[in-house]
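Accompanying notes for the structure given below.
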Amino acid sequence: MTDRTVDPVLVEIVEGTLASVEMEVETAIARTARSPMIRDAHDFRAGIHDARLRKLTGRSYSALVQPIVRDFPIGTMRPGDVFFHNDVYLSEGGIGHLPDLCVTVPVFHEGDVVAFVQAFGHHDDIGGAVPGSMPSHARSAFEEGLMVPPIKLWDQGVPNRAALTIMTRNSRMPDSLAGDLDAECSACLMGARRLGELFDRYGREAVEACFDAIIDKTTETFRRELLAKIPEGVHVWEDYAEHDGVDEPRLHTQRITLTVDHSADTPLTIDFTGTSLQAKGPINHAGDYADGVFLKKWLAPILRNLADTPERMAELDVNEGVVPLIKMVFPEKGTLLTPIFPAPTNARTFVILRLLGVLAGVLAKATGGRMPADQETIRYTGVYGESDDGPYLMREVLGGGSGGRWYADGEDTIHVVPDSRNIPVEFAEARWPFRVERLGLAVDSGGPGEFRGGLGYDKHIRMLRDASFMSIADRSILSCWGVNGGRAGRPFQVTVDGVEMEGLVDDFPVRAGQVIRIRTTGGGGWGSPYDRPAERVAADVRDGKVSFEGAREDYGVVLSGTADEVVVDAEATERLRERLRQARPGAFFDRGPGYPKLSGGLPHAEVDTV
């Protein structure tokens, strides 16, 4: 806590300015970048940090400034400098895989560094064994692309042409990469000028006092409004990645033991002991650096689900203020979260996304179910080959359904990265040799529940030329679990002319005329599906979200009529639901049918009890 008295009006002005600058930087990148992944899919983020390396903004997550300051002391920085890195093991945990390139620009006031503007995003190709730089069967980081430790990419306004030439030479998409880097460097330099104007207007002491107040407010709000709702004690939950791309499918465990002590200065302890050994394939995440500060900010948004209302939840930012509330305990080196270089990491989303669900699960156990069911809202699919214009790469990050909540259904086809989106059909068909024959919601994919899980995508792509299909996706065997009696959603699935693909594929040949059908995951359901009002199930059928068969089999609702005029048979529904309640009583967690087929996790009894 700061002892300085600050003007609350000025705090609001500074807080609003930070959010505005962050959004202006992201808007500039989106409007000037070249690659579809950055410009169209928006798989990038900006962040603002102070001179103490604390993240000030909470609209989205970001990478870290720690590796830059470690290698380039603040006193040596000059106006116009731009720093760059993507090396996973030298990023202090802020970069998860090599395609995430990070640009950092210091902000100056009266000759001193007072803040940092940073942008990082997922780029199309930075070399490596396969197009897209995400080889699903990689056994080493050296197969995944060009590794760049922190370097000075611009020196006092002068670009380092040698470094840029090396990076673009290693990319299969050099023009896109060069354009994206120009966009990100220029946008961050613009953001640095905007922040410098804020310091010029109000002075360093006043602005830094506002920074302290913004962070302190987050700390106290989370402690008072959210953490106070978690009962003291020790709570355990675990979940699994199903495949590492190298070994046969099995359960790769991510486990959290959550200890809650409200009297302690650090009330939450998250212990990852019990997490599986590092995988041979690329699902590892190097999270055990800088005291886990990146993972603290990555996981903390889950806590917002404890807010009194959804409206209050939306008001709560996650900035550096959450860090003092969480202690992290990592297992020894050599696990999924503490991998040893050069363990591959390009599919590390399997781990860090699963950790969001593990924390939600352990909090659901602690709070009697007042947390959403599970979701898996990111996976990479795409095709590459030759067109009339030469080699091409189409890669898309398709979302999925979020979990049902104690007050509402899950959201359909969302993405874990804020403001990210699918690639517009019109753009895709104009640029690449295929047709999108369907893009809609995957019927019955959401987990049945009193509050239904959100639906995933159903996308059909007909190839006009021979190509190769790629996929980096989990949850093709294991489903997103339901909670508090809710049922699991449907898993990810890709078929090529009816032949089902694995979730991890680098180069499956697809012939001209064949159709790739992609169904992304549905979120888990919340509460017993037999408690969902029959009229709401009928509305889901009218909306094309649940089929007539799904209404009967999953919800025990007997319907007649057509999709436009759905009629509920109330008496038959009551009889069927009573029979189903006895035959299929719900569990607190429902993992779906894929879980028993794999081995490697702890017995259900050790983690599934409430």
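FYI, the numbering just counts along the sequence from 1.
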Partners passing salt bridge (charged side-chain N to carboxylate O under 4.0 Å, His left out) against [X] (at least two apart in sequence or in another chain):
X    : answer
E22  : R59
R431 : none
R435 : E437
D40  : none

Side chain to side chain contact (heavy atoms under 4.5 Å, CB included) against [X], all qualifying residues, sequence neighbours excluded:
X    : answer
A187 : V25, A28, I29
S140 : F142, E143, P342
E535 : A538, V568
F548 : V541, L559, V566

Going by salt bridge (charged side-chain N to carboxylate O under 4.0 Å, His left out), name the pairs with one or both residues in residues 165-180, residues two or more places apart or in two chains.
D125-R172
Just wondering, are more than 12 heavy atoms of other shown residues or ligands nearer than 6.0 Å to [atom1] in [X]?
X    : atom1 : result
R552 : CZ    : no
E565 : CD    : no
M313 : CE    : yes

Side chain to side chain donor-acceptor pair (under 3.5 Å) contacts in which one or both residues fall within residues 386-403, not counting sequence neighbours:
H122-R395, D388-R465, E396-K459
Pairwise side chain to side chain donor-acceptor pair (under 3.5 Å) hits with a residue in residues 445-457, at least two apart
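Non-adjacent pairs meeting side chain to side chain donor-acceptor pair (under 3.5 Å): D409-R452, N422-Y457, R452-D540.
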What residues form a side chain to side chain donor-acceptor pair (under 3.5 Å) with N170, not counting sequence neighbours?
none
In this structure, is the centre-to-centre distance between the rings of H85 and F83 below 6.0 Å?
no
Any side-chain heavy-atom pair of M371 and V483 under 4.5 Å
no
So which of H252, H243, R354 actually passes side chain to side chain donor-acceptor pair (under 3.5 Å) with D474?
R354
